[in-house]
Number of protein chains: 2
Amino acid sequence: MSPKRADTGPAVPGAIWLRERAPGRGGGLTRERIAEATVALLDADGAAGLSLRRLAEALGVHATTLYWHVATRDDLLDLALDAVFGEIPEAGGPGADWTGDITGYMHGLRRALLRHPWSAALAGSRPLTGPNALARAESVHVALTGAGFRGAELSAAAAAISNLVIGSVAVETSWQHEGEAPARRAVDEHLRRHAERYPTLAAHAPTLDDAWDDHFDRAVRFLVDGLAAAR
Amino acid sequence: MSPKRADTGPAVPGAIWLRERAPGRGGGLTRERIAEATVALLDADGAAGLSLRRLAEALGVHATTLYWHVATRDDLLDLALDAVFGEIPEAGGPGADWTGDITGYMHGLRRALLRHPWSAALAGSRPLTGPNALARAESVHVALTGAGFRGAELSAAAAAISNLVIGSVAVETSWQHEGEAPARRAVDEHLRRHAERYPTLAAHAPTLDDAWDDHFDRAVRFLVDGLAAAR
DNA sequence: ACCTGAACACCGTTCAAGT
DNA sequence: ACCTGAACACCGTTCAAGT
């Protein structure tokens, strides 16, 4: 009978943030080392390439050892995802222009998610309740309350801001998985062949060169303009 | 040596839409029957519960039989996802007010994705190139060109519209996976215990009652207002 | 053209046992 | 407190073989 395992507590997503961490005095594994190795493995091989056995090998440990530190594979994803949110630069207090703060946050979040192409899809698949994600959400709420947002309008604005980024980067990275250029070329040709079915789409097919940055920039402006109009 | 398999063609996501379908004369499996059973299995057990063996059992067939009709498990996800997009009501031509058309589309897309809680996360994880997704994208492009959007502004607007919905519903459904109420209660208590770290967040913690509809409604208005301001 | 059956190389997770 | 090792019940996918 093992004395105490990592799986104490309810089986909700994000549950790892509700548990105290193991003491971790010096020698062995720590939550940080595990998070770091998980991010590295995900960066190298994507979400499908992450297995407990491969991660354990990278850490020089037996696969089942990981179960002392995490309760489930999903815990690893929570650790890795919150590490990505830790890469978003801290705003350092609200600036003079709240729309600039929000715009900067959205671009900072996008850059962090793009750096780890597996992370945006993951951010849309489980609650973001890690300490870094909460700290960034706090900053957004500070900027929005400074602008005068309150109550349901505040919550809706904060949600729209992060949801637009998550959705945009998830879709953007979904094209990269097997090499973007061939996928896009195949779809372009498919659209041309069925131009009678999708005339407007075929006529305005996004160009092959990377317009992702430009489109995201415009999308952010659309939303921020709409937020500003509400004040 | 098998004569011809479903896996002809490049290994890009969405590749199933680039292949001709099997003739499917009467008796056996068809792409439609497979799609329908896949949706049902995903609805019942979520993305993690979908396996080729369980799907095959539901279809009264051996697991490896599916490989005649699809090249990979991912093909099944493409089939199921496009079936969900098929549930979005067709607009039936642009109405008098393009902002109303766009607003209606966003709500229709959200309702379809909510009906199948696995679908929003999936929509953010692979290119949406099925026939139903393309038809709905065509309608959005028609409405936006009618409003005067052109070129990069058109593409960015269309992307923002679907990305905000996908991100919003993905996040919303991610809370439901293990029962939303306990997850939310756990996070609320966690926020209260660390109120000194997240004061603004703790003070404005979203209420327990379901504000999802209201927040989404507001988010749509923020974006559509910003789009209207650009015209 | 379509379906079967055996087989391969994996998985996440458990549990008793070590130190 | 932390790590090991064997074991269980699964996976997606292949390939030769049937009809």
Side-chain angles (χ1 to χ4, degrees), chain A residues 1-9 11 13 15-16 19-34 37-38 41-42 45-80 126, chain B residues 1-9 11 13 15-16 19-34 37-38 41-42 45-80 126:
Chain A
M1 183 173 59
S2 24
K4 207 178 169 197
R5 300 282 298 270
D7 53 6
T8 314
I16 192 171
R19 289 192 303 268
E20 292 309 311
R21 48 178 42 184
R25 42 116 198 71
L29 288 182
T30 61
R31 201 174 268 193
E32 284 76 19
R33 282 195 62 215
I34 293 175
T38 304
L41 198 50
L42 287 166
D45 299 323
L50 175 71
S51 82
L52 289 170
R53 286 169 228 256
R54 304 225 298 130
L55 177 64
E57 192 186 21
L59 286 165
V61 112
H62 190 98
T64 54
T65 302
L66 292 165
Y67 281 91
W68 182 260
H69 302 271
V70 299
T72 171
R73 195 191 110 109
D74 278 0
D75 276 358
L76 295 172
L77 300 177
D78 280 327
L79 286 173
R126 39 204 310 105
Chain B
M1 182 174 61
S2 27
K4 208 177 170 197
R5 302 282 298 269
D7 54 7
T8 314
I16 193 172
R19 289 191 302 268
E20 292 310 310
R21 46 178 43 183
R25 40 121 200 68
L29 288 182
T30 61
R31 199 173 271 192
E32 284 75 20
R33 282 196 62 216
I34 293 174
T38 304
L41 198 50
L42 287 166
D45 298 325
L50 175 71
S51 82
L52 290 169
R53 286 169 228 254
R54 305 225 296 130
L55 177 64
E57 192 186 21
L59 286 164
V61 113
H62 190 100
T64 55
T65 302
L66 292 167
Y67 281 91
W68 182 261
H69 302 272
V70 298
T72 171
R73 196 190 109 111
D74 278 0
D75 275 358
L76 296 172
L77 300 177
D78 280 327
L79 286 173
R126 38 202 313 106

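A note on names: the letters A, B, ... follow the listed sequences, proteins ahead of strands, and every chain is numbered from 1. Since we're looking at a predicted model, the values are computed, not measured.
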Rounded to the nearest angstrom, tell me the gap between atom CD1 in A/I34 and atom C1' in D/dC3. 12 Å
Phosphate OP1/OP2 of D/dT4: any A/T65 side-chain N/O under 4.0 Å: yes
Answer for the Watson-Crick or wobble partner of C/dT19, both distances under 3.5 Å, is D/dA1
Non-hydrogen atoms of A/L52 and A/Y67 that approach each other most closely: CD1-OH, 3.0 Å
Nearest heavy-atom contact between A/R53 and A/A63 is CG-CB, 3.8 Å
For residues A/L42 and A/L76, determine if any side-chain heavy atom of one lies less than 4.5 Å from a side-chain heavy atom of the other. no
Let me know, please, whether B/R54 or A/R53 comes out on the 5' side of the other along DNA chain D by nearest nucleotide. A/R53
For B/S51, which contact category applies under a 4.0 Å heavy-atom criterion: base, sugar-phosphate, or nothing? sugar-phosphate
Ignoring the backbone of A/T64, work out which of D/dT13, C/dG5, D/dA6 is nearest its side chain. D/dA6
Distance below 4.0 Å between B/T72 side-chain N/O and D/dT13 OP1 or OP2: yes
Could you tell me whether B/L50 contacts a base, only the sugar-phosphate backbone, or nothing, with contacts defined as non-hydrogen atoms closer than 4.0 Å? sugar-phosphate
In whole angstroms, how far is the C1' atom of D/dT13 from the CG atom of B/L76? 13 Å
note: A/L52, atom CG; D/dC10, atom C1'; distance rounded to Å ~ 15 Å
If the cut-off is 4.0 Å, is A/H69 near the phosphate of D/dC3, judged by side-chain N/O to OP1 or OP2? yes
Can you give me the closest heavy-atom contact between B/L79 and B/R31, atom names plus distance? CD2-CG, 3.4 Å
Quick one: does B/R73's side chain have a donor or acceptor within less than 3.5 Å of a partner on B/L50's backbone? yes
Any strand, both distances under 3.5 Å, Watson-Crick or G-U wobble: C/dA9 pairs with none
Expressed as a whole number of angstroms, how long is the span from B/E57:CD to C/dG5:P? 14 Å
Rounded off to whole Å, could you give me the CZ-to-C1' distance for the A/R31 and D/dC2 pair? 15 Å
What is the distance from CZ of B/R73 to P of D/dG12, rounded to the nearest Å? 6 Å
Let me know, please, whether A/V61 or B/A63 comes out on the 5' side of the other along DNA chain D by nearest nucleotide. A/V61
Take the protein atom CG of B/L66 and the nucleotide atom C1' of C/dG5, then report the distance between them rounded to whole Å. 15 Å
Between D/dC11 atom P and B/D45 atom CG, what is the distance in whole Å? 11 Å
Closest to side chain of B/H62, choosing from C/dT13, D/dC2, C/dT4: C/dT4
